[in-house]
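Protein chains get the first letters and strands the later ones, always in sequence-line order, with residue 1 at the start of each.
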Protein chains: 2
Amino acid sequence: MSSSKKKTRLPLYVQVSELLHREIAAGQWVPGERLPTESQLAQDLDVAVGTLRKALTVLEEDGLLERRQGSGTYVRKPPEGGAVYQFFRLELLNGGGMPRAVTQSVALLKSTDVAKQFGKAGNPDKQYWRIRRLRYLNQTPVAAEEIWFDGRHAEQLSVEDMHESLYVHYREEFDFWMTHVTDEVSCQEAPEWACQLLNTPVPTTLGWISRQAWANNGRIEEYSQTWFDPLQSRYVARLS
Amino acid sequence: MSSSKKKTRLPLYVQVSELLHREIAAGQWVPGERLPTESQLAQDLDVAVGTLRKALTVLEEDGLLERRQGSGTYVRKPPEGGAVYQFFRLELLNGGGMPRAVTQSVALLKSTDVAKQFGKAGNPDKQYWRIRRLRYLNQTPVAAEEIWFDGRHAEQLSVEDMHESLYVHYREEFDFWMTHVTDEVSCQEAPEWACQLLNTPVPTTLGWISRQAWANNGRIEEYSQTWFDPLQSRYVARLS
DNA sequence: AGGAATTTGTGCGTATGTATC
DNA sequence: AGATACATACGCACAAATTCC
């Protein structure tokens with residue numbers, strides 16, 4: 001009844017998964033690298049193979065690892081091909097469409113607004129990179145996107161040296177990558193720059209996505225907002 | 001290379017989970033009922049306990065079962081309390097809010113539009129129930145909702161005998177329940193009836209959700225669209 | 001091409017821990 | 001306090017996929 005603090009320690013497989021998570025975040029193994037075999041890891045950590053496998057399952061569900069039967073267990077890296085767009089949720093009205101992004105501007109700015117979005121009682125003196133991009137599905141411009149991340153991640157940043165997938169850029173240049181996001185979807189009057197990019201009248205009410213993205217280091221590393229043209233695309237979510 | 005049809009049968013635990021899925025859908029155990037113990041089930045089906053547990057894990061992840069340590073494994077039913085709103089994705093702008101629904105109208109109609117949404121090369125003579133409701137979060141009206149489902153599920157249907165949670169109504173009267181949904185989110189000019197309910201000018205562009213809902217029998221049993229006021233609420237999705 | 005070695009996936013059985021009744 | 005039921009943990013054997021020679 002009186003339910004005092006549970007002193008019971010966490011299950012062993014949880015302890016193991018958290019240990020491995022820390023080691024991966026610390027760079028013990030880098031993205032793409034293969035981990036030791038299950039039996040080897042189990043032996044090193046002095047746990048049963050079944051216990052280790054359950055720990056790996058947790059990390060796999062968290063998107064941190066990828067297991068291939070007959071091959072090994074690998075630290076996951078954002079794939080090179082089409083699956084770069086893991087978290088891209090816009091689709092053409094008749095479904096699908098290949099995403100592309102064209103960067104419009106890159107700037108290092110102070111913004112208390114964004115600082116608040118990052119939590120951490122936003123320091124108004126902090127600087128953030130602001131990227132503005134035009135999004136395409138196939139050949140159709142469908143959305144204007146504004147992305148913010150911590151100014152300390154890069155000294156210099158220009159349109160030329162940005163990978164088309166920002167998430168790939170993060171991994172290759174900043175040594176972290178995104179594991180999950182929270183989206184809030186609504187509609188808003190779009191700012192002038194977005195209307196111009198999308199070639200709509202000013203002002204126009206467009207679909208609007210506000211996103212926070214969590215990286216494998218556990219922090220929120222990106223905040224973005226996207227205005228999309230409802231005549232061209234929709235936001236799609238599958239829930240269970 | 002030439003990759004012919006893989007004749008390898010499915011893993012045993014998948015077979016078991018599909019067997020149990022069929023039996024539950026067939027009413028062998030009804031929502032809320034407790035299944036036999038793991039060791040009993042394993043014995044009945046002549047598989048190891050570990051294998052059975054893996055099968056139950058699949059069904060649990062599919063939202064069909066609920067396991068309680070020390071108590072048993074239960075067929076999940078839409079809970080009575082706040083979690084009735086399992087698939088409700090609207091939140092107040094500052095987060096959260098308790099959902100309520102007030103039914104405005106109930107009608108049995110033909111609709112080729114809706115028939116198409118249900119797939120199945122919609123028969124234009126089929127009839128569908130159309131429910132229109134006003135949605136609240138706390139005391140604030142936030143959305144107008146239009147729901148369609150197969151006309152054969154009920155002979156009669158009136159505002160009075162509808163449960164506030166339609167999904168509970170489905171379970172208690174129609175003997176199925178929803179396991180997952182697909183939402184498409186965008187914005188649209190709202191129809192007149194929706195604007196009147198939400199007390200906005202006519203016409204107004206509002207947030208718009210188009211949903212298909214799958215039941216535990218594997219079929220799409222509901223199609224709905226919702227217009228929400230972006231000044232009051234937002235659609236929220238968490239993705240990984 | 002093909003077989004051996006390696007590595008993860010599946011399945012079984014048992015013992016013990018923990019929550020519930 | 002005791003019985004019951006799910007959760008965790010261990011260990012082993014074999015299957016399936018991949019890799020290496």
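Aromatic ring orientation, A:F149 versus A:F174: tilted (interplanar angle from 30° to 60°). By the 30° and 60° cut-offs, the orientation of the rings of B:H180 relative to B:W214 is parallel.
Geometric assessment of A:R68 against the ring of A:Y74 yields a positive cation-pi assignment under the 6.0 Å and 45° thresholds.
Here B:T73 reaches the OP1 or OP2 of D:dC6: one of its side-chain N or O atoms lies under 4.0 Å away. In terms of phosphate contacts, B:R68 brings no side-chain nitrogen or oxygen within less than 4.0 Å of OP1 or OP2 of C:dT20. Contact between the side-chain N/O atoms of A:S71 and the OP1/OP2 oxygens of C:dT8 is not found at any separation under 4.0 Å. Phosphate contact (OP1/OP2 of C:dG11, side-chain N/O of B:K54, threshold under 4.0 Å): absent.
We find that CD of B:E38 is positioned 15 Å from C1' of C:dG13, with the value rounded to whole Å. Atoms CG (A:L52) and C1' (C:dT8) sit 12 Å apart, rounded to a whole Å. B:R34 places its CZ atom 11 Å from the C1' atom of C:dT20, with the value rounded to the nearest Å. Remark: P of C:dT7 and CG of A:L41 are 12 Å apart, rounded to the nearest angstrom. One can place CG of A:L10 at 10 Å from P of D:dA9, the figure rounded to the nearest angstrom. At whole-Å resolution of the value, CG in A:L12 and P in C:dG17 are 14 Å apart. Atom-to-atom, OH of A:Y13 to P of C:dT16 comes out at 21 Å; the value is rounded to the nearest Å. Between the CD atom of B:Q43 and the P atom of D:dA5 there is a distance of 13 Å, given to the nearest Å.
One donor-acceptor pair, N or O on each side, does fall under 3.5 Å between the base of C:dG17 and the side chain of B:Q69.
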**Message:** side-chain hydrogen bond (donor to acceptor under 3.5 Å, both in side chains), that's the test. Do B:Y235 and B:D183 meet it? Break it down for me.
**Reply:** CA-CA 10 Å; B:Y235 182 94; B:D183 288 337; 2.6 Å; yes
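The residue B:R53 sits close to a base: some heavy atom pair falls under 4.0 Å. Residue B:S39 is out of contact with every strand shown, counting any heavy-atom pair closer than 4.0 Å. Among the protein residues, A:G72 comes within range of the sugar-phosphate backbone only, with heavy atoms under 4.0 Å from sugar or phosphate atoms but none that close to a base.
Take the nearest nucleotide of DNA chain D for A:Y74 and for A:D46: the residue whose nucleotide is more 5' is A:D46.
Looking at heavy atoms from C-beta onward, A:E146 lies out of side-chain contact with A:R133 at the 4.5 angstrom threshold.
Nearest to the side chain of B:T37, among C:dG9, D:dA5, D:dA9, sits D:dA5. The side chain of A:R67 lies closest to C:dG9, out of D:dA7, C:dG9, D:dA5. Of the listed nucleotides (C:dG9, C:dC12, D:dC10), C:dC12 has the atom at the smallest distance from the side chain of B:T51.
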